[in-house]
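One structure below.
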Amino acid sequence: MHRGHRAIVSLLVIGLAVGYAAIERGLWRSDSNVGDAPARSGDAPASAFDYYLIALSWSPSYCESNPDDREQCGTRGYGFVLHGLWPQFENSGGPRDCTGSGQPDRDTVAAALAVMPSRRLVAHQWRAHGRCSGLDAGDYFEMADRAYASVRIPPPFTPPASPRAMPAAAIERAFAEANPGLDRTMFAVVCRRRDLAEVRICVDRNLAFRACGNGVRTRCPRDVDIRIPASR
């Protein structure tokens, strides 16, 4: 092959590899909804953390931005789903992408889909956060299921058939009233622009409500109603 042709072929191969890597990163970003809490990769061994954060994603908001995710955004009509159970540090953020082997087996994935309705999301949460818990995949997702069940979703957030709107303070009040022992130091409401994206609740290693560490705070406009998209 002519030297010039070889150079062109090499550039094409490199370009394709970079393109596929970007596509893969994009898939995980779309599954992670509004974005994970601040994190640090590889700076702590698995299980070296202070508490957990339960990230509840408002599925209709995610599905407006990701209508091609048929597994989560078909005709199921989800409201709040489990985005993830994230190990956290007291002084902000948490460990992420910890080293380790093993993947969730088929039965574990099937069980996790009851509260985390996307296989891509299950795989991503294990890789990004679950390995940092010090648990094996089965125990981590069993704990994630119990974490989701430990939070009572307020009645106003039964998946609505039409969009709603309310201020962030009203969302906070609804969660505090529905969950005895949960006060406003223990959770945060997160928005994407003016749409409800997530509610993030801090719990200890036994899944009891506790005050959040640094960096977990409500991230929504305070002086306007927050849009709550309807379920699909």
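Since we're looking at a predicted model, the values are computed, not measured.
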Item checked: Donor-acceptor contact below 3.5 Å, side chain Asn179 vs main chain Arg152 -> yes
Check: Does Gln72 use its side chain to pair, donor to acceptor, with the backbone of Ser59 at less than 3.5 Å?
Finding: no
Item checked: Aromatic plane relationship, Trp58 with Phe80 - under 30° parallel, 30 to 60° tilted, over 60° perpendicular -> perpendicular
Note to self: How long is the straight-line distance from CZ of Phe175 back to CD1 of Ile153, given to the nearest 0.5 Å?
What the structure shows: 4.5 Å
Notebook entry, point to check: Which heavy atom in Ala176 sits nearest to a heavy atom in Phe187, and how many Å separate them?
Noted result: N-CZ, 4.3 Å
Check: Going from OH on Tyr148 to CG on Leu85, what distance comes out if it is rounded to the nearest 0.5 angstrom?
Finding: 14.0 Å
Margin query: Is it the case that the side chain of Asp69 and the backbone of Cys73 share a donor-acceptor pair, with hydrogens and angles ignored and the cut-off at 3.5 Å?
Written below: no
Note to self: With heavy-atom distances below 4.5 Å as the criterion, would you say the side chains of Ser61 and Pro229 are in contact?
What the structure shows: yes
Notebook entry, point to check: At what distance, to the nearest 0.5 angstrom, does CD1 of Ile226 lie from CE of Met166?
Noted result: 10.5 Å
Note to self: I'd like to know if the side chain of Thr218 reaches the main chain of Val189, judged simply by a donor and an acceptor atom lying under 3.5 Å from each other, with no hydrogens or angles considered.
What the structure shows: yes
Next item on the list: Could you pull out all residues at least two apart from Asp195 that satisfy side chain to side chain donor-acceptor pair (under 3.5 Å)?
Entry: Arg227
Notebook entry, point to check: Going by heavy atoms in the side chains, are Gln103 and Arg131 under 4.5 Å from each other?
Noted result: yes
Note to self: I need the Phe141 CZ to Asp136 CG distance, nearest 0.5 Å.
What the structure shows: 11.0 Å
Check: Are Arg205 and Phe49 in a cation-pi contact, defined as NZ or CZ under 6.0 Å from the six-membered ring centre and within 45° of the axis?
Finding: yes
Margin query: Restricting to non-hydrogen atoms, name the atom on Ser92 and the atom on Gly215 that form the minimum distance, rounded to 0.1 Å.
Written below: OG-CA, 4.3 Å
